[in-house]
Amino acid sequence: MVGEEGAFVLGWDEVLTEEELSTTLKVLCMSEDEFKEYKEQDSWEDDSEEEENSTLSYEALSRLKTPCKKLLYDSVVLTLESYGSDLKAEQDLLNNKEAYEKLSRREQQALHVRYGQKRILHQLLELVH
């Protein structure tokens, strides 16, 4: 369901791998009986038509059912915990001109990427909390 990378791609305004995330949330939030029925009915193919007509904008994510929102929230928290520092530490480093200039060009670029990733994840937390 998730693909080879096992990750979802989030942009500033929407989920870029919306079909994968939508299907994953749907399946993970099913009871065991619902999953068995879903699997027996070959509902996997039916979803593709349904998914094409929906977009997982961040506004749509905020309207997910509570179990799916909790699952997504917990996943984002785990992802944020996998970083070596938090969003505030990245902001502080970006705002500290002297410390920032001591970083190599590659470290500066990595800092900007991490900061952007964390901002997107925090935005997502706000929506599903």
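What you see below is based on every heavy atom in this structure, not just the backbone, and it leaves out hydrogens, waters and symmetry mates.
For Trp12 against Tyr58, the heavy-atom pair with the smallest separation is O-CE1, 3.2 Å. The shortest non-hydrogen separation linking Glu107 to Leu103 is OE1-CA, 3.4 Å. For the residue pair Asp86 and Lys118, the shortest heavy atom distance occurs at O-NZ, 3.7 Å. Scanning all heavy atoms of the two residues, the minimum distance from Met30 to Glu34 falls at CA-OE1, 3.3 Å.
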(request) Start with the C-alpha distance between Leu87 and Leu121, add both sets of side-chain angles, then the distance that settles side-chain contact (heavy atoms from CB on, under 4.5 Å), and finish with yes or no. (result) CA-CA 10 Å; Leu87 183 65; Leu121 291 170; over 6 Å; no
Under the side-chain contact (heavy atoms from CB on, under 4.5 Å) criterion, do Asp74 and Lys70 qualify, and how do the steps go?
-> CA-CA 6 Å; Asp74 291 345; Lys70 178 165 180 14; 2.8 Å; yes
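Annotation: side chain of Val113 is not in contact with side chain of Gln109 (no heavy-atom distance under 4.5 Å).
Linking ILVMFWY residues whenever their side-chain heavy atoms come closer than 4.5 Å, directly or via other members, leaves Tyr115 and Tyr83 in distinct clusters. Clustering ILVMFWY residues whenever any of their side-chain heavy atoms sit less than 4.5 angstrom apart, transitively, puts Ile120 in a cluster other than the one holding Leu94. Residues Leu80 and Leu21 are members of one and the same hydrophobic cluster, defined by side-chain heavy-atom contacts under 4.5 angstrom among Ile, Leu, Val, Met, Phe, Trp and Tyr. Leu28 and Val76 end up in the same hydrophobic cluster when Ile, Leu, Val, Met, Phe, Trp and Tyr side chains are linked at under 4.5 Å. Val9 and Leu127 are assigned to two separate hydrophobic clusters, defined by single-linkage of ILVMFWY side chains at heavy-atom distances under 4.5 Å.
No donor-acceptor pair under 3.5 Å is formed between the side chain of Ser22 and the backbone N or O of Glu19. Of the possible polar contacts, none joining the Lys69 side chain to the His129 backbone as a donor-acceptor pair under 3.5 Å is found. One N or O on the side chain of Gln108 and one on the backbone of Tyr100 form a donor-acceptor pair closer than 3.5 Å. Without hydrogens or angle criteria, Asn95 side chain to Gln91 main chain gives a donor-acceptor distance under 3.5 Å.
Once rounded to the nearest 0.5 Å, the distance linking CD of Glu101 with CG of Asn96 reads 9.5 Å. Taking CG from Leu25 and CZ from Phe8, the interatomic distance works out to 6.5 Å, rounded to the nearest 0.5 Å. Put simply, NE2 on His122 and CD on Glu126 are 9.0 Å apart, with the number rounded to the nearest 0.5 Å. Atom CG of Leu72 is separated from atom CG of Leu64 by 7.0 Å, given to the nearest 0.5 angstrom. Expressed to the nearest 0.5 Å, how far CG of Asp13 lies from CD of Gln123 amounts to 7.5 Å.
Summarising the local packing, CG of Asp92 is surrounded by more than 12 heavy atoms from other residues, nucleotides or ligands at distances under 6.0 Å.
Screening Arg119, Arg114, Gln117, His112 against Glu90 for a side chain to side chain donor-acceptor pair (under 3.5 Å) leaves a single residue, Arg114.
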